[in-house]
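Here the structure comes first, spelled out in C-alpha cells, and everything after it is commentary.
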Amino acid sequence: MRVLHTSDWHLGRHLHGRKRYEEFERFLDWLTIFIKEQKVDSLLISGDIFDSNNPSQRALELYYRFLSGLVGSNCESIIIIGGNHDSPLLLNAPRELLHFFNIHVIGSISENPEDEIIVLKNKDEMVELIVCAIPFLRDRDIRTSEMMEKIEDKERKLIHGIKVHYQSICDLAEGKRKALSYPVPLIAMGHLFTVGGQVQEDDGVRDLYVGALAQVNHRIFPEYLDYVALGHLHIAQKVNHSEIIRYSGSPLPMGFGEAKQKKSMCLLEINSGKIDIEPVEIPIFQKLESIKGDRERIEKRLRALVLETDRILVEVIYTGKEAFNDLRQVVGDLVSGSEVEVVRVKNMLVFDRISQRVVENETLEELSKEEVFKRCMCSNHISAEEQEKLLITFQEALSLLEDNEMTGEMR
C-alpha cells in the first residue's frame, strides 16, 4: 500500500496582492499525475487546504476539480483534516457526498470520537490502515475559560487539552487495531505547532492559539503510532529528529522567505505492517527571488534576471545608506519589457527614518494585523514591557474573532 502525505496548500493565497491561481493549478495537475503514475492508494492532506476561511470561487473550483480528478483512479481514499486557516463549516458541508467517493473530511472535532478514526479496507474487506484524523483543535474545543484567568493557566490548559484529545483518539484507534488478528499500521494526522519546529520569516504561518502559546511537545504522540502526518509548518521537517513524526511542508513557497526552500511531500510504502518513508521533491512552478542590498547590488541582479527567459517574481529591499528616492522608478525601468515581475519594493532607509515606521507607498495589505498593532503601540510610546502584555491580549481577541468567523457564529 502506498500513502502520500501532503499539507498546507493554502489555495487562494496572494503574494503581496498578486493572485497565484496559475501556480496552484499547475501544482494540482502535477499532483494528480504523480498520484496516478506512482499508484498511490491513499492521500492524506493535513490541513490548511485554503488560505482563508472564506475562499474565492476560483480556489473552491481548484479544490473540487482536483478531488473529482481522482475519483475512479487507483487512489481509493482521501483523508482531509481542517487546519487553522480553514472554515470547518465549509469543509464539512459536502462531507456526506464526498464520503460516497471514499473522500473523508474532518473539518473540526465532533461529539463522537469515532468520527476522527478512519479505517481503510481493501476489496476483500481486510483492514489495511487505521488513521486518526485529528483536525486543528481550537481553543474553545478543548478548554473552558474562566474569569481573570492568567496567561500561564490558559497555556497549561490548552496543552493539556490537546494532549488528552490526541491520547483518547489514538487509544481508541489502538483498541481497534488490537482487535484484529493481523498487523495493521496506525497513522495519526494533526495540524499543530510542535516545540522546536522550524519556521521561516514571511512564510505565512500564523500563531496557532494565543500568541505563541500551546506549542506542544512531541511526546503527546503515543509511541505505538507508526507515523504522524502533521500540517501547519511550511518547512518540510522531522519532529525532534524522529523518522516517523513529520511535517510535509507547503508545496509552494508562501512568501519570499521560502523562495530558496526545496518543497516536498512524504511517500509511505507499507508492506506487512511496516512503513518506509521517502521524501518526494516537488517541482518549482513559479520562480521567486528576494533581492536585498545597496543600489549597485539591486541594479546588477535585476540586469542579470532580465536576460533569463523564465518568468520570475521578485521583491526588492533596499538596505543601502545613501538616499534612493527614485527606487521604484529605477526598478520599473530596469525590468520593463522582460519576464521579471516586481511585486514588492521596500526602502529600508525610509522605513527606519520615519518615526511612525510607515514605509514609502506601503499599503495595509502588506502588513499583518499584529504588525499594524505593534506600530500603533510604538507611535504612542508604550513601554516594551507593556507592549508585550498588550500584544498577548490583542492576539487573544484576534484568535477569538477568527474562530467565530470560521464557525459561522459571528453576530
Within-4.5 Å side-chain heavy-atom neighbours: Trp9 and Phe66: yes
For atom NE2 of His160, is the number of surrounding heavy atoms from other residues, nucleotides or ligands below 6.0 Å larger than 12? no
Is a donor on one side and an acceptor on the other found under 3.5 Å between the side chain of Ser46 and the backbone of Ala229? yes
Please check: side-chain N/O of Tyr224 versus main-chain N/O of Cys170, any donor-acceptor pairing under 3.5 Å? yes
As an exercise, state the distance from CD1 of Ile284 to NZ of Lys262, rounded to the nearest 0.5 Å. 9.0 Å
Are side-chain heavy atoms of Ile244 and Phe221 found at a separation under 4.5 Å? no
Check: Pro88 main-chain N/O paired with Asp86 side-chain donor or acceptor under 3.5 Å: no
For the backbone of Arg297 and the side chain of Asp294, can you confirm whether one donor and one acceptor N or O come within less than 3.5 Å of each other? yes
Here the gap from Leu90 atom CG to Leu60 atom CG, rounded to the nearest 0.5 Å, amounts to 5.5 Å
Over 60° means perpendicular and under 30° means parallel, so tell me whether His99 and His104 are parallel, tilted or perpendicular. perpendicular
Is any side-chain N of the basic residue among Glu315 and Lys292 closer than 4.0 Å to the acidic one's carboxylate O? no
From CG (Leu62) to CZ (Phe24), nearest 0.5 Å: 8.5 Å
Check: Gln57 main-chain N/O paired with Glu61 side-chain donor or acceptor under 3.5 Å: no
Charged N to carboxylate O below 4.0 Å: is that the case for Glu23 and Arg20? yes
Give a yes or no on whether the backbone of Gly332 and the side-chain of Ser336 come within a donor-acceptor separation of less than 3.5 Å. no
Test log, rule side chain to side chain donor-acceptor pair (under 3.5 Å), inputs Ser248 and Thr6: CA-CA 5 Å; Ser248 67; Thr6 179; 4.6 Å; no
Ring pair (Phe, Tyr, Trp, His ring centres under 6.0 Å) between Tyr227 and His5: does it pass, once the steps are laid out? CA-CA 10 Å; Tyr227 184 77; His5 165 211; 5.7 Å; yes
Have Gln261 and His234 got a donor and an acceptor in their side chains that come within less than 3.5 Å? no
N/O donor-acceptor pair under 3.5 Å between Asn122 side chain and Glu125 backbone: yes
For the residue pair Ile79 and Met189, establish whether any side-chain heavy-atom pair is separated by less than 4.5 Å. yes
Less than 4.5 Å apart, any side-chain heavy atom of Lys263 and any of Pro283? no
Got a salt bridge between Asp48 and Arg13, using NZ or NE/NH1/NH2 to carboxylate O under 4.0 Å? no
Between Asp115 and Ser110, do the side chains contain a donor N or O and an acceptor N or O under 3.5 Å apart? yes
Is it the case that the side chain of Ser250 and the backbone of Pro253 share a donor-acceptor pair, with hydrogens and angles ignored and the cut-off at 3.5 Å? no
Should Lys36 and Asn74 count as side-chain neighbours, where that means a heavy-atom distance under 4.5 Å? yes
Any chance CD of Glu22 has more than 12 other-residue heavy atoms, nucleotides or ligands included, within less than 6.0 Å? no
Do Phe34 and Met265 come within less than 4.5 Å of each other through their side chains, counting heavy atoms only? yes
State whether Asp29 and Arg65 are salt-bridged, where the test is any N-O pair (Lys NZ or Arg NE/NH1/NH2 against Asp/Glu carboxylate O) under 4.0 Å. yes
Given Asn84 and His191, is the side chain to side chain donor-acceptor pair (under 3.5 Å) satisfied, shown in steps? CA-CA 8 Å; Asn84 59 303; His191 192 93; 2.8 Å; yes
Atom OG in Ser290, atom NZ in Lys260: separation rounded to 0.5 Å? 8.5 Å
Give a yes or no answer on whether the side chain of Asp276 reaches the backbone of Leu268 with a donor-acceptor pair at less than 3.5 Å. no
Drop me the distance from Ile103's CD1 to Ser68's OG, to the nearest 0.5 angstrom. 8.5 Å
How long is the gap from CG on Leu120 to CG on Leu129, to the nearest 0.5 Å? 5.0 Å
Salt bridge or not for Glu128 and Lys121, using N-O below 4.0 Å? no
Determine whether more than 12 heavy atoms belonging to other residues, nucleotides or ligands lie under 6.0 Å from atom CG of Leu172. yes
Intermediate values then yes/no, side-chain contact (heavy atoms from CB on, under 4.5 Å), Asp51 and Leu11: CA-CA 6 Å; Asp51 191 59; Leu11 299 178; over 6 Å; no
Is any side-chain heavy atom of Asn54 closer than 4.5 Å to a side-chain heavy atom of Ser87? no
Is any side-chain heavy atom of His165 closer than 4.5 Å to one of Ile162? no
Is there a donor-acceptor pair under 3.5 Å between the side chain of Arg246 and the backbone N or O of Ala236? no
Are there more than 12 heavy atoms of other residues, nucleotides or ligands under 6.0 Å from atom CZ of Arg219? no
Could you list all the side chain to side chain donor-acceptor pair (under 3.5 Å) pairs where at least one residue sits in residues 280-289, not counting sequence neighbours? Lys287-Asp310, Glu289-Arg301
